[in-house]
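Note sheet for the following structure.
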2 protein chains.
Amino acid sequence: MNADGKTKTIDRGSYEPAYMQLVRIVSEQIATGILHPGDQLPAEGQFCTRYSVSPMTVRRAINILVERRLVSATQGKGTFVKPLDIGEAVFRLQELKDHWTHGSHTNVRLLEARIVFADECIASKLAISPGERTIYMRRLVLQEDLPTMYHREYLVYDPTLPLVEAQLQITSLEGLLQGQNSEGFRRGHLTIEAVNLKEEEAGVLKVPTGSAAFYLEHIFYDFHNHPVSWGGLMCRADHFKLTAYIGADADL
Amino acid sequence: MNADGKTKTIDRGSYEPAYMQLVRIVSEQIATGILHPGDQLPAEGQFCTRYSVSPMTVRRAINILVERRLVSATQGKGTFVKPLDIGEAVFRLQELKDHWTHGSHTNVRLLEARIVFADECIASKLAISPGERTIYMRRLVLQEDLPTMYHREYLVYDPTLPLVEAQLQITSLEGLLQGQNSEGFRRGHLTIEAVNLKEEEAGVLKVPTGSAAFYLEHIFYDFHNHPVSWGGLMCRADHFKLTAYIGADADL
DNA sequence: TAGTGGTCTAGACCACTTA
DNA sequence: AAGTGGTCTAGACCACTAG
C-alpha cells in the first residue's frame with residue numbers, strides 16, 4: 001500500500017496521541033499522492049497489525065478523517081479517499097470577530113437607541129404583532145478611528161426588565177462578538193450577502209454611495225425558541241475578506 | 001441535574017446509536033435551558049451510571065458535543081456548557097454548489113480560452129516566471145438563461161499534456177463544482193469578498209456597472225504543492241446568499 | 001460466506017486541576 | 001489526595017456489501 005519501504009510507525013513516547021499520529025500519517029499519504037482519490041484505505045484490522053494499535057484507536061482516527069471529509073466510509077464496502085470538493089469549503093465568522101476584538105483601536109459608538117413600534121416587516125421577523133414595542137439601535141464600529149461596520153438591530157421590548165438602560169447593556173451582537181454575553185440567547189440564524197450601500201449607510205461608513213459591502217443579517221432566539229433580536233451588520237468590503245481551505249493539508 | 005423527575009433514558013432497541021441518543025439528550029438540555037452556559041456537565045462516571053452505558057460511549061458522545069462546540073472539556077476541571085458565540089458561525093460553499101448543480105436549467109458557456117504569457121501578477125500567483133505560458137479561460141454560468149456567475153481562470157500550461165483541448169477538459173472550477181473532477185488538485189485556498197462589478201464584468205452578467213457581487217477567488221495546488229490554477233468567480237449578489245446557524249438546535 | 005465498517009463493553013492508566 | 005477528562009486495550013456483536 002505504501003509507495004516506499006520506509007513506512008512510518010506510531011511513536012508511543014510522543015506527546016501526540018496514537019490516534020492523532022495515525023490521522024497525520026494517512027493525511028500525509030493523501031496529500032502527497034500516495035493515496036489517490038478513489039483509493040480504498042486498508043481495512044481496520046490491517047491498520048491494527050500494521051501500526052500495533054487496538055481497533056478502537058484505528059476507528060477513532062478514521063472517524064476524524066471522515067469528519068474532515070478526506071475519506072468516506074461505507075459499511076460493508078470500505079473506506080475510500082474522497083476527491084477534492086469545493087463544496088467542502090467553510091468560511092468562519094471567527095475572522096470577522098477577530099477584526100472586532102484584536103483591532104488595535106476598536107471602539108463602538110452608539111448612534112441611536114429608541115423605542116419603535118413594529119411595522120409589518122419587523123413584526124414578522126420577531127414573531128410579534130405589528131404595533132408592539134421594540135428597541136431599535138444603531139451602532140458604528142470604528143477601527144483606528146475609521147468606521148468599518150454599521151450595525152442596526154431590533155430587540156423585542158421586555159417589560160419585565162426595569163429600564164431601557166438595562167436592555168441596552170444586552171447589546172446582543174456586540175456581546176456575541178466580544179464573547180462576553182448574553183445569557184438570553186440560545187440559537188441564532190445568520191445570512192451573509194453582498195449589497196450596494198444605500199446613501200445613509202454609505203454616509204455613516206464614509207464611503208461613496210453604492211459601494212459594495214458584506215451584509216450580515218442575524219436573528220437570535222431565546223430558550224423558548226422565540227426570536228428576540230433581528231438586525232444586520234454592514235461591513236465595508238475593503239476591510240473584510242473571508243478565507244477557507246479545502247483538501248489535505250499534510251499538517252494541522 | 002435534570003429539572004424534572006421524568007429523565008430520559010437510552011433506548012437500546014432504537015436505530016439511533018446509544019452515543020447519538022446521549023448527544024441528543026444533552027443537546028436538548030442545553031437548548032431548553034436546563035443546562036445554562038457555564039454549567040458543568042455531570043462527570044463521565046455519573047453519565048455511565050445514569051444511562052447505563054460504558055465510559056467509551058459517554059466519551060464518544062461528549063467528544064461530539066465538543067466538536068459541535070456546544071461544550072468545552074478541560075482535563076482535570078470538567079466539561080462546561082459554552083455560551084453562544086457568533087464566531088462559531090460557518091458558511092458552507094455547498095450552498096453555492098447546489099445552486100450550480102440543482103438549478104433546473106444550468107449550463108456553462110465557454111466565452112474564451114487562449115494561451116497568455118504570464119505578467120508579474122499572474123506569475124506570482126502561480127509561482128512561475130513572468131512570460132511563461134498559461135491557459136486563460138472565461139466562462140459564464142447561466143441559470144434559466146440568466147447569467148449568474150462569471151468565471152475567469154489561469155491554468156499553468158503543461159507541455160506534457162498533448163493538446164490545449166485536453167487541458168480544457170480539466171476545467172478546474174467546473175469540475176470541482178460538479179464533483180466529478182480533477183485528479184491533479186489536492187489542496188485549495190479560497191477567499192470571498194464583496195466587490196463592485198466593473199464595466200466588463202457587469203456587462204457579461206447583464207447588470208448595471210457597479211452592482212455588488214460576491215467575488216470568490218481560488219488557488220488550487222497539485223500534489224507537489226505547486227499552484228496550478230488561479231482564478232475568480234463573480235456571483236451576482238441578487239442570486240447568492242450564504243447561511244449559517246449557531247447554538248443548540250435540539251435536533252439535527 | 002467472507003470481508004467490511006459501526007457500535008459497544010468494562011475496564012485500565014495517565015495527566016491535569018483543585019483543594 | 002480526590003476528582004476530572006484523555007487515551008487506550010482486546011476483544012465482542014451487529015449490519016451491510018459483495019462474490
Side-chain angles (χ1 to χ4, degrees), chain A residues 1 8-27 29-30 35 37-82, chain B residues 1 8-27 29-30 35 37-82:
Chain A
M1 196 272 304
K8 299 217 170 135
T9 57
I10 303 290
D11 173 14
R12 309 315 289 252
S14 166
Y15 261 79
E16 192 180 26
Y19 73 93
M20 268 316 214
Q21 296 186 45
L22 202 45
V23 165
R24 188 170 41 74
I25 288 171
V26 177
S27 293
Q29 290 177 347
I30 294 174
L35 287 170
D39 284 358
Q40 181 169 9
L41 261 61
E44 300 183 359
Q46 293 174 269
F47 272 117
C48 294
T49 60
R50 166 75 186 77
Y51 295 100
S52 304
V53 289
S54 80
M56 276 302 293
T57 304
V58 172
R59 294 215 48 74
R60 181 160 185 190
I62 290 179
N63 278 339
I64 289 174
L65 291 170
V66 170
E67 282 154 18
R68 294 189 183 176
R69 311 200 192 228
L70 292 177
V71 304
S72 64
T74 317
Q75 199 175 90
K77 287 181 68 176
T79 307
F80 300 86
V81 179
K82 287 179 71 171
Chain B
M1 194 269 303
K8 298 217 170 135
T9 57
I10 303 290
D11 173 15
R12 309 316 288 251
S14 166
Y15 260 80
E16 194 180 25
Y19 73 93
M20 267 316 218
Q21 295 186 44
L22 201 45
V23 165
R24 188 170 42 75
I25 288 171
V26 177
S27 293
Q29 290 178 347
I30 294 174
L35 287 169
D39 284 358
Q40 182 169 8
L41 261 61
E44 300 184 359
Q46 293 175 268
F47 272 118
C48 294
T49 58
R50 165 75 184 77
Y51 294 101
S52 304
V53 289
S54 81
M56 276 302 293
T57 304
V58 172
R59 295 214 48 76
R60 182 160 185 192
I62 289 179
N63 279 338
I64 289 174
L65 292 170
V66 171
E67 283 154 19
R68 294 189 182 176
R69 310 199 193 230
L70 291 177
V71 305
S72 64
T74 316
Q75 198 173 93
K77 287 182 67 177
T79 306
F80 300 86
V81 179
K82 289 179 70 172

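The structure presented is a predicted model; accordingly, all values stated were derived computationally and were not measured. Residue numbering restarts at 1 for every chain, and letters A, B, ... go by the order of the sequence lines.
Picking from dT9(C), dT9(D), dG5(C) the nucleotide with the shortest atom distance to the side chain of V53(A) gives dT9(D). Ranking dT4(D), dT7(C), dA10(D) by closeness to the P55(A) side chain, first place goes to dA10(D). Distances were taken from every side-chain heavy atom of S54(B) (C-beta onward) to each of dG6(D), dT4(C), dA10(C); the shortest belongs to dA10(C).
Distance check: D39(B) CG to I30(B) CD1 gives 9.5 Å after rounding to the nearest 0.5 Å. Rounding to the nearest 0.5 Å gives a distance of 8.0 Å between CD1 of I10(B) and CZ of R24(B). From R50(A), atom CZ reaches atom SG of C48(A) across 12.5 Å, with rounding to the nearest 0.5 Å.
Applying the 4.0 Å criterion to OP1 and OP2 of dC16(C), one finds that K77(B) has every side-chain N and O outside that range. Proximity of R12(A) to the phosphate of dT9(D): a side-chain N or O atom is located under 4.0 Å from OP1 or OP2. For Y19(A), a side-chain nitrogen or oxygen approaches OP1 or OP2 of dT7(D) to under 4.0 Å. Checking the phosphate oxygens (OP1, OP2) of dT7(C), a side-chain nitrogen or oxygen of R60(B) falls inside 4.0 Å.
Here dT4(D) presents its P atom at 11 Å from CZ of F80(B), a figure rounded to the nearest Å. At whole-Å resolution of the value, OH in Y51(A) and C1' in dA10(D) are 21 Å apart. Atom-to-atom, CD1 of I62(B) to P of dT7(D) comes out at 13 Å; the value is rounded to the nearest Å. D11(B) places its CG atom 15 Å from the C1' atom of dT7(C), with the value rounded to the nearest Å. Between Q40(A) atom CD and dT4(C) atom C1' there is a gap of 8 Å when expressed in whole angstrom units. L41(B) places its CG atom 12 Å from the P atom of dG6(D), with the value rounded to the nearest Å. Taking atom OH on Y15(A) and atom C1' on dC16(C), their separation rounds to 11 Å, with Å as the unit. F47(A) has its CZ atom 18 Å from the P atom of dG3(C), to the nearest Å.
The two residues Q21(A) and T9(A) come nearest to each other via the heavy atoms OE1-O, 4.2 Å. In plain terms, the two heavy atoms of N63(B) and R60(A) that are nearest each other are ND2-NH2, 3.6 Å.
With the nearest nucleotide of DNA chain C identified for both M56(A) and T79(A), T79(A) has the one nearer the 5' end. With DNA chain C read from its 5' end, the first of the two nearest nucleotides for T74(B) and M20(B) is the one closest to M20(B).
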Watson-Crick and G-U pairing of DNA chain D written in dot-bracket, each distance under 3.5 angstrom, with | for inter-strand partners: ||||||||||||||||||.
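Checked against L65(A) for a side-chain contact (heavy atoms from CB on, under 4.5 Å), the options T79(A), L70(A), V81(A) give a single hit: L70(A).
The 12-atom threshold is not exceeded at NZ of K77(A), counting heavy atoms of other residues, nucleotides or ligands nearer than 6.0 Å.
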